[in-house]
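Naming: A, B, ... by sequence-line order, numbering from 1 per chain. Because the structure is a prediction, the values reported are computed rather than measured.
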Protein chains: 2
Amino acid sequence: MSEYVKQAPEASKAPETGGAGPRRVPLTPGARRALEAAGRLFYERGIHAVGVDLIAAEAGVTKKTLYDRFGSKDQIVVEYLADRDERWRAFLADRLERVRAPRSRILAVFDASRDWAERSLPRGCSMINAHAEITDPAHPAYAVITGQKAWMLALFTDLARALAPRRAKSLGRSLMLLHEGGLVAYGMGIFPDAIDHARRDAQALLKAAVRSDG
Amino acid sequence: MSEYVKQAPEASKAPETGGAGPRRVPLTPGARRALEAAGRLFYERGIHAVGVDLIAAEAGVTKKTLYDRFGSKDQIVVEYLADRDERWRAFLADRLERVRAPRSRILAVFDASRDWAERSLPRGCSMINAHAEITDPAHPAYAVITGQKAWMLALFTDLARALAPRRAKSLGRSLMLLHEGGLVAYGMGIFPDAIDHARRDAQALLKAAVRSDG
DNA sequence: CAAGGAGTAAACAGATCGGTCTACTTTCGG
DNA sequence: CCGAAAGTAGACCGATCTGTTTACTCCTTG
């Protein structure tokens, strides 16, 4: 892998859709198939374990197309993570739109995570997994990973503010801990229904928080 | 990497020290240095990102010695994880020996994790990280990873039993969630002092659990 | 109709991967 | 004193890795 210099030739335009972050490459049909294949393979087997030749073969695309569109494997990794993040945020936003009560909105995040997790292999959170493989903070994908977690923490904190404003910061962090714990326990198969268990614990936590907040 | 067939030539003896698991190779001076180097490199950079040539060079050992002792890179990975697990259990046992009150013993696990984490790079739990890279359940290291998490869950459940016997199973899982969440949040730098925060949440949880258990 | 964007097919390059091998040296216990 | 264990030094193997290149084919659009 090159030293993070390469971007796709036509990159560095496109409007900001969600959070900040490097790049998005225009998705031609071939690029779209490549990204879909890369996403599946990266998630199932790990990033380092999947080569560009395999991605190209699975996508029914030549390596030239891969490099014409993305410029480097590192950029494919960035697109993979940014794409998953974007999808997750859209999925979650849709779930949250339908719920009004502050307490239910918080629990809806856990429900969304459970449903999201159950629609693919039980391999847990792609950001946590990617963080285990990408150890260099200068890697362009690193910001996507930490940005996703920072966004989730901010979300929990915001949701907590509507429920217990004085304890929002601490409560947000506690919810984050339960949520991350649920994702990991689910991904590693430590015990069954881990995300549901985390949800129940969150529910108890919220009850106590409301009681003790002004 | 070979298909998991290779073990060190002299393997498959040595008494069971801790939990079950595939095997420990006798540690000659060269093998010890190699394992120390491999452990540091694997943890800091990830398993797939570290080659056997680098391990040999950092350990001041030739590749022949590596393969005479371990037989394969896969076996080095197994030794790396089993060694860390063994060390962690010894470290934790020492901490637990000094505490008697059931509630304090549970909190001592969080304290031990915090201290253990702070003595190395903030890269979180080596088992969680390894699980992100080793995706094949047939890999000999997989049992070490899942075995470690199962052991931790059993530990939390046992400790919980002394405090709230009727809720031990559920309480053990809740503690596990907080603990794993703390490890991940710490490893990814999501917010400061994550393990301490998890400890505080565990403390509150224990208070409530005692109140509602027989 | 001409030009350019998107793509296929496939060879190629250089580096690195895990792993093997030969030849020689050092150390130590029976 | 001798043989086995543990090690160094370093060449070597085939496979795979990321990335590049040449030559050609579609298809769309001005």
Rounded to the nearest angstrom, tell me the gap between atom [atom1] in [X] and atom [atom2] in [N].
{"X": "B:D53", "N": "D:dT16", "atom1": "CG", "atom2": "P", "value": "18 Å"}
{"X": "A:Y67", "N": "C:dT8", "atom1": "OH", "atom2": "P", "value": "15 Å"}
{"X": "A:D68", "N": "D:dT21", "atom1": "CG", "atom2": "P", "value": "11 Å"}
{"X": "B:K73", "N": "C:dT16", "atom1": "NZ", "atom2": "P", "value": "15 Å"}
{"X": "A:Y4", "N": "D:dG19", "atom1": "OH", "atom2": "C1'", "value": "17 Å"}
{"X": "A:L66", "N": "C:dA10", "atom1": "CG", "atom2": "C1'", "value": "15 Å"}
{"X": "A:L54", "N": "D:dA15", "atom1": "CG", "atom2": "C1'", "value": "15 Å"}
{"X": "A:Q75", "N": "D:dT18", "atom1": "CD", "atom2": "P", "value": "15 Å"}

Can a side chain N or O of [X] be found less than 4.0 Å away from OP1 or OP2 on [N]?
{"X": "B:T65", "N": "D:dT8", "result": "yes"}
{"X": "B:T62", "N": "D:dG10", "result": "no"}
{"X": "B:R69", "N": "D:dA5", "result": "no"}

Generate the contact string for nucleotides 22-30 of chain D. Rules: B means base contact, S means sugar-phosphate contact only, - means no protein heavy atom under 4.0 Å. BB-------
For A:I47, the option from A:I134, A:I76, A:D74 that meets side-chain contact (heavy atoms from CB on, under 4.5 Å):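 Among A:I134, A:I76, A:D74, the one that satisfies the side-chain contact (heavy atoms from CB on, under 4.5 Å) with A:I47 is A:I134.
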Near DNA chain D, under 4.0 Å by heavy atom, which residues of residues 30-39 of chain A?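 Hits under 4.0 Å, by residue number: none.
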Test for a donor-acceptor pair under 3.5 Å between the base of D:dG19 and the side chain of A:K63, counting only N and O atoms.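 Indeed there is one.
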